[in-house]
Amino acid sequence: MKVLLGILLAAVLVYLAPALIQAAPKEAVASPALQREFDDFIAKFRDALKANDSATVAEMTRLPFMNDDSIRDAAQFREKIYKPKFTAKTRACIQRAKAVYSRDGDNNDSYAIFCGRDIFTLTKTPAGFLFTDVDAND
C-alpha cells in the first residue's frame with residue numbers, strides 16, 4: 001500500500017511540475033504615487049529629447065554616469081553618451097515606447113525603455129527619478 005501511495009504521489013508531482021515551473025512570477029506594479037512621480041519625470045525627459053536639449057537631459061541624469069569617472073559632468077555626458085546614443089531615431093523611439101516598471105532585489109524602483117539595441121533605465125533616487133543607465137538590449 002505504501003509503495004502504491006508513493007507511486008501515486010510521484011505521478012502527481014511529475015504531472016504538476018511543468019505547471020509550477022512555468023508559473024510566471026507576479027509582475028511588479030508601481031504604486032499610484034510612484035507612477036505619478038515617474039509620469040511627471042518622463043514627460044519632462046521626453047520634452048527635452050523632443051527639443052534635442054542635451055543640457056536638460058544631462059541635468060536629469062545621475063552623474064558620474066553609470067559610475068564611470070570619465071563621464072562625471074554634463075559636458076562629458078553630452079559628448080560620450082548623448083551624441084552617440086540619443087540619435088533622432090532613438091529620441092523618437094523614447095517618445096512613443098512604453099516604460100516598463102521593475103523593482104530590483106535592493107528595492108530600487110526603475111523603469112526601462114527598450115529602443116532598438118539599447119535599454120534606457122530611469123531610476124528613483126533620493127533626488128527623484130534620474131536617467132541612470134543605458135545598456136545593450138540582448
Side-chain angles (χ1 to χ4, degrees):
M1 186 70 169
K2 286 185 180 183
V3 173
L4 185 59
L5 187 58
I7 292 172
L8 182 61
L9 182 59
V12 168
L13 288 176
V14 168
Y15 178 76
L16 292 177
L20 296 173
I21 292 170
Q22 290 179 358
K26 213 175 185 184
E27 268 189 47
V29 177
S31 71
L34 184 74
Q35 185 64 52
R36 279 191 300 277
E37 184 179 352
F38 176 75
D39 289 345
D40 290 345
F41 172 83
I42 197 65
K44 292 173 189 167
F45 192 77
R46 286 175 170 157
D47 286 346
L49 291 176
K50 188 175 184 180
N52 199 17
D53 183 352
S54 63
T56 298
V57 172
E59 289 173 8
M60 301 176 81
T61 300
R62 182 171 58 195
L63 298 172
F65 189 66
M66 295 176 56
N67 295 317
D68 183 343
D69 281 336
S70 72
I71 311 170
R72 67 184 169 284
D73 63 32
Q76 292 167 333
F77 171 80
R78 288 193 304 268
E79 188 63 33
K80 294 179 179 180
I81 302 299
Y82 191 85
K83 281 184 181 180
K85 291 293 184 183
F86 289 93
T87 64
K89 182 178 178 180
T90 299
R91 292 191 316 268
C93 173
I94 293 171
Q95 293 293 319
R96 67 180 181 280
K98 181 179 191 256
V100 178
Y101 172 77
S102 67
R103 176 175 273 176
D104 67 18
D106 294 327
N107 286 329
N108 295 312
D109 296 298
S110 64
Y111 288 81
I113 298 176
F114 299 82
C115 288
R117 296 180 181 198
D118 293 316
I119 303 170
F120 297 84
T121 304
L122 310 136
T123 305
K124 172 79 168 140
T125 71
F129 275 96
L130 293 173
F131 172 47
T132 56
D133 194 1
V134 62
D135 215 347
N137 182 8
D138 46 336

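Residue indices begin at 1 and follow the sequence shown.
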Assigning hydrophobic clusters by single linkage (Ile, Leu, Val, Met, Phe, Trp, Tyr; side-chain heavy-atom cutoff under 4.5 Å), is Ile94 placed with Met66? yes
Atom NZ in Lys98, atom OH in Tyr111: separation rounded to 0.5 Å? 9.5 Å
Any donor-acceptor pair under 3.5 Å linking the side-chain atoms of Asp68 with those of Ser70? yes
Nearest heavy-atom approach of Cys93 to Phe114 is SG-O, 3.8 Å
Atom OG1 in Thr123, atom CZ in Phe38: separation rounded to 0.5 Å? 10.0 Å
Could you check whether any side-chain heavy atom of Phe129 comes within less than 4.5 Å of a side-chain heavy atom of Leu34, counting everything from C-beta outward? yes
Which residues satisfy the salt bridge (charged side-chain N to carboxylate O under 4.0 Å, His left out) test with Glu59, sequence neighbours excluded? none
Kindly assign one of parallel, tilted or perpendicular to the pair Phe131 and Phe45, based on the angle between their ring planes and the thresholds 30° and 60°. tilted
The reported gap from CG in Asp39 to NZ in Lys44 (rounded to nearest 0.5 angstrom) is 11.5 Å
Is it the case that the side chains of Asp53 and Tyr82 hold a donor-acceptor pair, with the cut-off being a distance below 3.5 Å and no angle test? no
What is the minimum heavy-atom distance between Ile81 and Phe65, and which atoms define it? CG1-CD2, 3.8 Å
State plainly whether one hydrophobic cluster holds both Ile119 and Leu130, where clusters connect Ile, Leu, Val, Met, Phe, Trp and Tyr through side-chain heavy atoms under 4.5 angstrom apart. no
Kindly check if the number of other-residue, nucleotide or ligand heavy atoms within 6.0 Å of NZ (Lys50) is above 12? no
Between the NZ atom in Lys85 and the OG1 atom in Thr90, the distance rounded to the nearest 0.5 Å is 8.0 Å
Do you know the tightest heavy-atom contact between Val57 and Ala48? CG2-CB, 3.8 Å
Aromatic contact between Phe120 and Phe86, with the criterion being ring centroids under 6.0 Å apart: yes or no? yes
Rounded distance (nearest 0.5 Å) linking atom CG of Asp73 with atom OG1 of Thr61: 12.0 Å
CG/Asp109 to CZ/Arg103 distance, rounded to the nearest 0.5 angstrom? 4.0 Å
Where do Ile113 and Arg46 land on the side chain to side chain contact (heavy atoms under 4.5 Å, CB included) test, with the steps shown first? CA-CA 12 Å; Ile113 298 176; Arg46 286 175 170 157; 4.1 Å; yes
